[in-house]
There are 2 protein chains.
Amino acid sequence: MKISELSRRTGVPVASIKYFRREDLLPAGRATAATLAEYGEEHVQRLRLIKALTTLGGLSIAATRDVLAAVDQAESTDKTLEAISYALPVPVTAASAGDADRDAEAESAAEADVAGLIEAMDWQVPDTSPHVRGLTMALRELRRLDADYRPERLVAYAELARSIARLDLERAAAFDDSPALAEQAVIVLALSGPLLELLRRLAQEDQVRRRGAL
Amino acid sequence: MKISELSRRTGVPVASIKYFRREDLLPAGRATAATLAEYGEEHVQRLRLIKALTTLGGLSIAATRDVLAAVDQAESTDKTLEAISYALPVPVTAASAGDADRDAEAESAAEADVAGLIEAMDWQVPDTSPHVRGLTMALRELRRLDADYRPERLVAYAELARSIARLDLERAAAFDDSPALAEQAVIVLALSGPLLELLRRLAQEDQVRRRGAL
DNA sequence: AAGACTAGATAGTGGCAGTATCTTCTTAGG
DNA sequence: CCTAAGAAGATACTGCCACTATCTAGTCTT
């Protein structure tokens, strides 16, 4: 199909399709002449995936490129899952310096909290994992706010997080080595977060309303 | 204290403090002269909260303003919780049109899924809730991708979301009408999402590694 | 042969989150 | 008393991002 039809079928403007091409989110069409190319169903599907990852998953164009690169370089199920897991951006990246003493204290306390949690959960993750660093930064910020996230509380959340991860992985890995694996895996790994967040917010709203009704 | 000290203690540049003032995220200091004002501990705390909401919570300046406004207008516990719940932005807002038939089908199917879920969970939320609309949009996108989120699967996630919301609300409401209520509530309601996401990602990483090791 | 498309390159736009500058004023130290 | 060092508030500027538009050269359709 021609680019105008690709645009029509996906609802993505032609200029945006070209932009995604430039940014390497979308493979080139099969060139039939110097100024003409033919696109297929794989392009339609890829554009749908791009839209889902950016609008639903909230990924930047750069992050989407990394994730899609992991999808395209799929070797084995395990390698694919790992690549996607690392390609997904870690929410919480920056931070800044304030009171030096208070900061240093919060930092080391947060590190201890994370180490303790990983120990308690028997999680096998390296200290260098971006998720570990992200969690450390998050706990440091919460400590600065004097928010009460004690170990046992953290463990309660972590247990639920583990349950969710189990649900996700069951689904992501159920497509063993089939060609659809990588795409389904990326959908599950990248989009179950936002979905869960929405469900959590709904559950929160329900409980707030029930409180109000008492 | 003067603005330079406020800046030093929080690590926020003076220009940014002024920016937050302009955007009404931060109350004015107590003016002692035409070009001089005095800031207090409440400003330090507020700046910490702003930083946490924007960096950790990922809120925009506009969303942060709305949330803080809800905090400042705290009346009763219930009203405060409700106001914060609605002030928090719903992840997933936009979408676009593509194939008309497929879209209409996905839309109504998503609406039915959401209605069924709310029924199954016995959630008391109005159809007009932004969370309901957000969830509908999310499910529509997932349908477009042919992702397999059947009702029973959705319910499994929803049950976990409910457990998390219970943990959150227990904490948010434990500060009954104390002056610290609103701030602790906003921390719990706005920041437990990113924290949970980090824990989920860690749990995911752990499980991916264990698979690989088999 | 004309008009509608197209690929790819390059340039422009709008929104966001700051950051910098400018003017007018205050005040502490010499 | 005078002056240098801030400070307040207004306005302007910057950098990044995700598009969006334009331009050139080439192709297909009737």
Side-chain angles (χ1 to χ4, degrees), chain A residues 1-40 43 47 49-68 89 92-98, chain B residues 1-40 43 47 49-68 89 91-97:
Chain A
M1 77 189 82
K2 287 181 281 185
I3 200 171
S4 54
E5 194 184 344
L6 183 60
S7 168
R8 194 183 50 69
R9 284 198 46 197
T10 57
V12 178
V14 170
S16 300
I17 295 176
K18 289 184 175 185
Y19 169 60
F20 295 149
R21 255 303 285 135
R22 279 200 299 285
E23 295 291 322
D24 272 326
L25 305 194
L26 190 71
R30 191 172 52 79
T32 60
T35 62
L36 225 37
E38 179 74 11
Y39 301 91
H43 293 94
L47 279 174
L49 189 54
I50 291 169
K51 276 214 294 185
L53 290 175
T54 54
T55 68
L56 195 50
L59 300 196
S60 68
I61 295 299
T64 304
R65 174 177 43 237
D66 293 347
V67 169
L68 292 176
V92 180
T93 326
S96 58
Chain B
M1 80 190 80
K2 288 181 279 185
I3 199 171
S4 54
E5 194 183 346
L6 184 58
S7 169
R8 195 182 49 68
R9 282 197 47 196
T10 58
V12 178
V14 170
S16 300
I17 295 176
K18 289 185 175 184
Y19 169 61
F20 294 148
R21 254 306 282 133
R22 278 201 300 284
E23 294 292 321
D24 272 324
L25 305 194
L26 190 72
R30 190 173 53 79
T32 60
T35 62
L36 225 35
E38 179 74 11
Y39 301 91
H43 293 92
L47 279 174
L49 189 53
I50 292 169
K51 277 215 295 186
L53 289 175
T54 55
T55 68
L56 195 49
L59 300 195
S60 68
I61 295 300
T64 304
R65 174 177 42 236
D66 294 346
V67 168
L68 292 175
V92 180
T93 326
S96 58

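Letters A, B, ... mirror the listed sequences (proteins, then strands); counts begin at 1.
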*Quick one: list whatever passes ring pair (Phe, Tyr, Trp, His ring centres under 6.0 Å) with Tyr39(A), sequence neighbours left out.*
His43(A)
*Side chain of Ser7(B), backbone of Val12(B): donor and acceptor closer than 3.5 Å?*
yes
*For Asp24(A) and dA18(D), what is the distance between atoms CG and C1' respectively, to the nearest whole Å?*
16 Å
*If you find the nucleotide of DNA chain D closest to Pro13(A) and the one closest to Thr32(A), which residue's nucleotide is nearer the 5' end?*
Pro13(A)
Please write out each protein N/O paired with an N/O of nucleotides 12-18 of chain C under 3.5 Å, distance rounded to 0.1 Å.
unit_1  : atom_1 : unit_2   : atom_2 : d
dA17(C) : OP1    : Ile61(B) : N      : 3.4

_Within this structure, what is the OG-CG distance for the pair Ser60(B) and Asp66(B), rounded to the nearest 0.5 Å?_
8.0 Å
*Using heavy atoms and a sub-4.0 Å distance, could you list which residues of residues 1-9 of chain A are near DNA chain C? By number, please.*
Lys2(A), Ile3(A), Ser4(A)
_4.5 Å side-chain heavy-atom contact, Leu53(B) and Leu68(B)_ = yes
*Does the side chain of Arg9(B) reach to within under 4.5 Å of the side chain of Leu47(B), using non-hydrogen atoms?*
no
_Sugar-phosphate, base or nothing in reach of Ala15(A), heavy atoms under 4.0 Å_ = base
*Considering all heavy atoms of both residues, which atom of Ile3(B) and which atom of Lys18(B) are nearest to each other, and what is their separation?*
CD1-CG, 4.2 Å
*Taking salt bridge (Lys or Arg N to Asp or Glu O under 4.0 Å) as the test, write out the residues that go with Arg8(A), two or more places apart.*
Glu5(A)
*For residues Tyr19(B) and Leu25(B), determine if any side-chain heavy atom of one lies less than 4.5 Å from a side-chain heavy atom of the other.*
no
*What is the distance from CZ of Arg21(A) to P of dT20(D), rounded to the nearest Å?*
19 Å
_Whole-Å distance separating the CD atom of Glu23(A) from the P atom of dG8(C)_ = 15 Å
*Is there a donor-acceptor contact under 3.5 Å from the side chain of Lys51(B) to the main chain of Gly11(B)?*
no
*To the nearest Å, give me how far apart CZ (Arg65(A)) and C1' (dA18(D)) are.*
12 Å
_So, using side-chain contact (heavy atoms from CB on, under 4.5 Å) as the criterion, who are the partners of Leu36(A) when residues are at least two apart?_
Thr32(A), Ala33(A)
_Rounded at 0.5 Å granularity, tell me how far CD1 in Ile50(A) sits from OG1 in Thr55(A)._
11.5 Å
_5′-ward residue of the pair Lys18(B)/Tyr39(A) relative to DNA chain C_ = Tyr39(A)
Restricting to nitrogen or oxygen on both sides, can you table the protein-nucleotides 25-27 of chain D pairs closer than 3.5 Å?
unit_1  : atom_1 : unit_2   : atom_2 : d
dG26(D) : N3     : Thr35(A) : OG1    : 3.3
dT27(D) : O4'    : Thr35(A) : OG1    : 3.3

